[in-house]
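Not measured: the values here are computed from a predicted model.
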Amino acid sequence: MLQCEHVTKRYGKITACSDISFQLDEGSVTVLLGPNGAGKSTIMKSIIGLLRFEGSIFIGGYSPADSEARRMLGYIPELPALYPNLTVWEHMEFLARAYKLKNYRDKAEALLKRFELYDHRKKFGDELSKGMQQKLNICLGLLPEPQILLLDEPMIGLDPHAIKEVRSLILELREEGRTILLSTHIIDSVDMLWDRTIIMQNGSLKANVTREELEESGRSLEDLFFAVTEGLERDDVSETVRESEE
């Protein structure tokens, strides 16, 4: 469904991502883990076509610049980019028109109600709290019903109810056969959601492990994360990492 092959992104002499390769299967949830500055957002922005890069990315067989790929992709960025002079509802209308969506009103209303924004639908973007802005950001990303959804730190700034709804939605989308790539550095927020985890550090891919592979090792996702990012000397965890890279 989505393939990254030897993706490298440089900003002058600085390498943000180096030789990143992985594949996401249809109907799966992949968690992209790593400390701040690991290159998670860079690889996501490369996938959706916001950055130029070396290497190849294929979305359903298409390049990120292809219109077919763009129709398949949805993106929820870490920081909401709302229009201060548009209301909550006008944001939903604007996106629907941009994607040429038909019969979107029921879907838009359901999303706003689910994230407790429906009663605030007449508020302007700059009148919303940070948490409400993030919830609107999520609603906008879900409205076009993309086949592949990229979420960059989606739970930062959310209240417990909204976090619960995001987690439930991710599981629902997987059941519908959607493909999810979720970037975070908060491990416990995604512990029960993932089918595969990809761990990055300093712009490099350090591990690519399925849930089954990790469970067979008898270790937790947290064990693996710290073994990879802090270089802990745990032979059994290190063996899991080595096997995932073969």
Side-chain angles (χ1 to χ4, degrees), residues 1-8 17 19-34 38-49 53 55-77 138 141-142 144-155 166-187 189-201 204-217 219-222 224-225 228 239-246:
M1 178 59 72
L2 190 153
Q3 293 174 288
C4 292
E5 299 178 356
H6 307 293
V7 175
T8 297
C17 285
D19 196 30
I20 304 297
S21 296
F22 61 82
Q23 178 173 322
L24 306 186
D25 297 325
E26 186 174 357
S28 65
V29 176
T30 298
V31 174
L32 183 59
L33 292 175
K40 305 186 302 295
S41 294
T42 298
I43 195 67
M44 281 200 161
K45 290 176 181 177
S46 298
I47 291 170
I48 64 172
F53 56 87
S56 301
I57 294 176
F58 299 100
I59 301 154
Y62 301 98
S63 75
D66 195 287
S67 60
E68 290 295 327
R70 291 176 180 175
R71 277 192 282 269
M72 297 173 67
L73 273 178
Y75 176 54
I76 298 176
I138 292 169
L142 293 170
E145 300 183 320
Q147 284 299 116
I148 304 172
L149 181 62
L150 278 60
L151 302 98
D152 193 356
E153 302 285 0
M155 301 180 194
V166 170
R167 292 167 63 91
S168 296
L169 268 169
I170 289 170
L171 295 176
E172 290 169 18
L173 292 171
R174 179 173 62 184
E175 287 296 314
E176 294 172 3
R178 311 296 176 88
T179 302
I180 310 292
L181 179 62
L182 192 161
S183 168
T184 186
H185 64 275
I186 306 173
I187 299 173
S189 69
V190 296
D191 192 42
M192 301 305 295
L193 295 176
W194 61 284
D195 301 301
R196 177 181 296 277
T197 186
I198 294 169
I199 301 177
M200 293 183 64
Q201 185 179 32
S204 297
L205 194 155
K206 297 296 186 180
N208 184 346
V209 181
T210 66
R211 179 182 288 277
E212 290 78 11
E213 289 169 340
L214 189 59
E215 288 177 349
E216 287 175 3
S217 76
R219 293 292 179 173
S220 68
L221 182 57
E222 186 177 82
L224 177 63
F225 178 82
V228 169
E239 183 64 26
T240 302
V241 176
R242 286 196 295 271
E243 290 175 357
S244 73
E245 294 174 342
E246 292 177 355

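In terms of heavy atoms, I59 sits closest to I47 at CD1-O, 3.5 Å. Taking every heavy atom of both residues into account, F58 and G61 meet most closely at CD2-O, 4.0 Å. When all heavy atoms of L181 and M44 are compared, the pair lying nearest together is O-CE, 3.3 Å. For the pair Q23 and Q3, the tightest heavy-atom approach, listed with the atom from each and the gap, is OE1-NE2, 3.3 Å. Residue A207 comes nearest to V228 through the heavy atom pair CB-CG2, 4.1 Å, listed as atom of the first residue, atom of the second, then distance. Smallest separation of non-hydrogen atoms from L193 and M155: CD1-CE, 4.2 Å.
T179 places a side-chain N or O within donor-acceptor distance of the main-chain N or O of G27, the cut-off being under 3.5 Å. The backbone N or O of K40 lies less than 3.5 Å from no partner atom in the side chain of S183, so there is not a single donor-acceptor pair. Formation of a donor-acceptor pair under 3.5 Å by the S21 side chain with backbone atoms of H6 is found in this model. R178 places a side-chain N or O within 3.5 Å of a backbone atom of P146 that can act as its donor or acceptor partner. With E213 contributing its side chain and T210 its backbone, the two residues share a donor-acceptor pair below 3.5 Å.
With values rounded to the nearest 0.5 angstrom, I199 atom CD1 is found 11.0 Å from K206 atom NZ. The CG atom of L142 lies 6.5 Å from the CG atom of L173; values are rounded to the nearest 0.5 Å. Interatomic distance, L24 CG to I148 CD1, rounded to the nearest 0.5 Å: 7.5 Å. With rounding to the nearest 0.5 Å, the separation of OG1 in T30 from CG in L2 is 9.0 Å. In this structure, CG on D66 lies 10.5 Å from CE on M72, to the nearest 0.5 angstrom. The CZ atom of F225 sits 4.5 Å away from atom CD1 of I187, with the distance rounded to the nearest 0.5 Å.
Paired with L221 under the rule side chain to side chain contact (heavy atoms under 4.5 Å, CB included), one option of T197, V31, V209 passes, and it is T197.
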For side chain to side chain contact (heavy atoms under 4.5 Å, CB included), just list the numbers for I43 and M200, CA-CA rounded to whole Å, side-chain angles, deciding distance to a tenth of an Å, and then say yes or no. CA-CA 10 Å; I43 195 67; M200 293 183 64; 4.3 Å; yes
Apply the test salt bridge (Lys or Arg N to Asp or Glu O under 4.0 Å) to residues D195 and R174: give CA-CA distance (whole Å), side-chain angles for both, the deciding distance (0.1 Å), then the verdict. CA-CA 10 Å; D195 301 301; R174 179 173 62 184; 2.9 Å; yes
Candidate pair I170 and L182, rule side chain to side chain contact (heavy atoms under 4.5 Å, CB included), full reasoning: CA-CA 9 Å; I170 289 170; L182 192 161; 3.2 Å; yes
Tell me, with the steps shown, if I138 and V166 meet side chain to side chain contact (heavy atoms under 4.5 Å, CB included). CA-CA 8 Å; I138 292 169; V166 170; 3.7 Å; yes
Show the numbers, then the answer: is there a side chain to side chain contact (heavy atoms under 4.5 Å, CB included) between E5 and F22? CA-CA 7 Å; E5 299 178 356; F22 61 82; over 6 Å; no
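Inter-residue side-chain proximity for R71 and Q147 is flagged as unmet; no heavy-atom pair is nearer than 4.5 Å. By the 4.5 Å heavy-atom criterion applied to side chains, I198 and L205 are counted as neighbours.
There is no side-chain donor-acceptor pair under 3.5 Å between D19 and T8.
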